[in-house]
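Here is the structure we will look at.
Numbering of ligands and ligand atoms starts at 1, following listing order. If you read the sequence from its start, that first residue is 1, and numbering goes on from there.
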Amino acid sequence: MIAITLPDGSVKQMESGVTPMDVAKDISHGLARNVISASYNDKIVETATPLTEDGNLVLYTWDSDEGKRAFWHSTSHIMAQALEILYPGIKLTIGPPIENGFYYDVDFGDMTLTDKDLKQVEDKMLEIARGKHDFKMRSITKAEALEFYKKQGNEYKVELIENLEDGTITFCDHDTFTDLCAGGHIPNTGIVKAIKLTNIAGAYWRGDENNKQLTRIYGISFPKKKDLTEYLEFLEEAKKRDHRKLGRELELFTFSEKVGQGLPLWLPKGAALRKRLEDFLSAAQQKAGYDWVMTPHIGSKELYVTSGHYAKYGEDSFQPIRTPHEGEEFLLKPMNCPHHCEIYKSKPWSYKDLPVRYAEFGTVYRYEQSGELHGLTRVRGFTQDDAHIFCTADQLNDEFKKVIDLVLYVFGSLEFEEFYTQVSLRDPDNPEKYIGSLENWEKAEKAIVEAAESKGLNYKIEYGEAAFYGPKLDFMVKDALGRSWQLGTIQVDYNLPERFELEYKGSDNKMHRPVMIHRAPFGSMERFVAILLEHTGGELPLWLTPNQVNILSLSEKYEKYAEKVLNLLENDEIRALVDNRNETIGKKIRESEMNKTPYMLIIGEQEEQNGTVSVRKRGEGDIGSMKIEEFSELIRQNIEKESKDFNV
Ligand SMILES: [Zn+2]
Ligand SMILES: [Zn+2]
């Protein structure tokens with residue numbers, strides 16, 4: 001008998017040789033129907049693997065990440081088989097699961113696969129799936145494994161096997177197909193009910209551009225047809241919400257090859273949006289006791305050698321700027337922190353002065369590979385809503401709570417309702433990896449966890465995820481499509497105060513090191529705007545949107561009245577534009593809708609005579625006619641409804 005411990009702590013005594021699937025059946029037949037993968041003692045096993053020693057068993061269904069991974073990994077075997085049947089002589093290389101689906105890299109020799117061919121591959125895969133073939137693992141000696149692939153003339157698999165140790169090599173069989181594989185499959189092919197091959201791309205063998213280019217086929221699969229339909233709808237919606245597309249349509253930002261890749265140019269409407277976000281955060285930070293500082297875009301190389309950033313970014317980022325003076329070098333700043341440390345150092349401090357909070361919308365530059373650049377989310381120059389708090393170890397807890405309040409206020413005001421947090425702490429087994437005294441670390445970790453707890457955050461703790469210089473708290477938001485994005489971050493730092501020899505005089509009259517907190521609720525203005533656009537689909541909240549109202553005249557005759565309406569609205573601090581063009585009202589309305597303007601006011605003869613406007617609301621259409629003052633009041637009330645209180 002062996003003792004099998006389940007995640008809830010319960011222990012089952014079962015015959016040695018029992019499989020995870022047997023255990024599932026023993027628990028309930030409902031569970032057994034849904035179990036597709038398992039791990040035993042933290043190692044992924046097959047649901048048919050005999051268990052022969054005591055251990056911890058976790059059973060996975062489709063609903064878990066592990067379940068999906070096994071599902072997609074198994075589907076890549078099915079795809080490999082289908083490809084071999086349809087295109088004899090191809091050479092298979094590797095086919096892992098990824099975040100959304102799987103791929104397989106294949107050497108097609110002289111043949112090129114095109115999108116048109118994918119349908120027939122999908123059909124063949126579904127035919128194989130319907131055969132309900134079990135996935136079966138078997139051990140094989142290195143010599144046999146090499147023999148198998150040498151016979152096929154597959155130098156890729158031969159290379160993979162040559163790097164494996166004899167005695168650890170396994171093959172996976174299903175139906176007539178065999179692949180080199182370490183395991184982690186669903187029970188049989190029949191569980192795969194829906195398949196979509198999404199993309200064909202080029203990929204170098206082992207990611208090295210000196211090697212041969214292979215064909216990478218991406219796909220995704222599901223246990224129900226309905227899931228695939230939903231996924232394809234999700235992709236459609238995500239495409240519509242792509243911030244690069246919205247940025248173009250709403251005229252927010254652009255890129256120019258001439259200016260340089262990854263360097264966003266904010267257009268007037270985008271700049272207005274960004275300015276409003278900055279004003280909003282500035283006001284909140286003012287209230288929270290931050291002081292504003294401003295620093296230049298470059299700093300001497302020495303500054304970054306001291307901070308350690310040169311070691312981190314120097315070689316792989318923008319290279320030093322030289323001057324006519326031999327040996328004098330400056331760097332584009334990759335971080336604002338060193339500048340803020342020097343500001344702190346500009347005068348002596350007593351414990352009574354702390355905490356000090358320096359805030360800056362600081363632009364930083366980091367060289368990203370051109371293949372990594374992506375709209376506003378991955379750029380080479382971006383502006384952080386940065387701040388550094390210098391405080392005593394005893395003040396950490398309070399400061400953390402205040403920063404959490406600020407971050408929650410930001411999320412609430414921008415309609416990010418679903419979020420979770422991750423607390424990154426030390427790896428308890430490797431305390432020597434970290435800088436700073438044990439006592440300080442314990443204080444800081446306790447302060448973070450306690451602050452997260454007292455603010456009622458939904459948090460998970462990750463041990464070993466802390467930076468070498470301090471623990472941190474990250475905020476992940478879920479957007480309207482359920483995608484997770486990392487936004488705000490709060491990070492404790494014992495390293496920079498040490499490197500810059502920052503000090504304050506304590507109540508004991510001795511000099512002490514302050515603790516530093518880095519924090520950025522938005523992260524960066526660029527990335528935040530990108531996420532906000534994808535979250536809202538471009539339908540920004542009324543208080544934030546660059547243009548709240550479009551005044552559309554039925555014809556040029558009403559130009560004067562349109563101007564009058566505009567003036568009255570502007571007096572009430574409402575942001576509006578007049579469209580007096582000689583175009584049909586239908587066209588003006590359509591364009592206004594494209595621009596996602598929250599309100600349209602249509603004015604013609606009747607409106608002019610009565611001193612009214614006909615109002616159309618985004619997403620609702622015609623909401624009737626009203627006096628201009630009434631409309632102003634409506635806007636005011638709606639903005640009030642959107643705005644959240646921020647109390648410090
Ligand atoms: Zn496999
Ligand atoms: Zn910093």
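The atom name of the N/O/S atom in H73 closest to the Zn ion (ligand 1) is NE2. Within H518, the N/O/S atom positioned nearest the Zn ion (ligand 2) carries the name ND1.
At least one donor-acceptor pair closer than 3.5 Å links the side chain of E46 to the backbone N or O of H185.
For the pair H340 and I389, the minimum side-chain heavy-atom distance is 4.5 Å or more.
Annotation: cation-pi pair K301/Y310 present, NZ/CZ under 6.0 Å from the ring centroid and within 45° of its normal.
C181 lies close to the Zn ion (ligand 1), since one of its N, O or S atoms is found at a distance under 2.8 Å.
Around atom NZ of K455, more than 12 heavy atoms belonging to other residues, nucleotides or ligands sit under 6.0 Å away.
Note: angle at the Zn ion (ligand 2), from NE2 of H388 to SG of C337, is 100° (rounded to 10 degrees).
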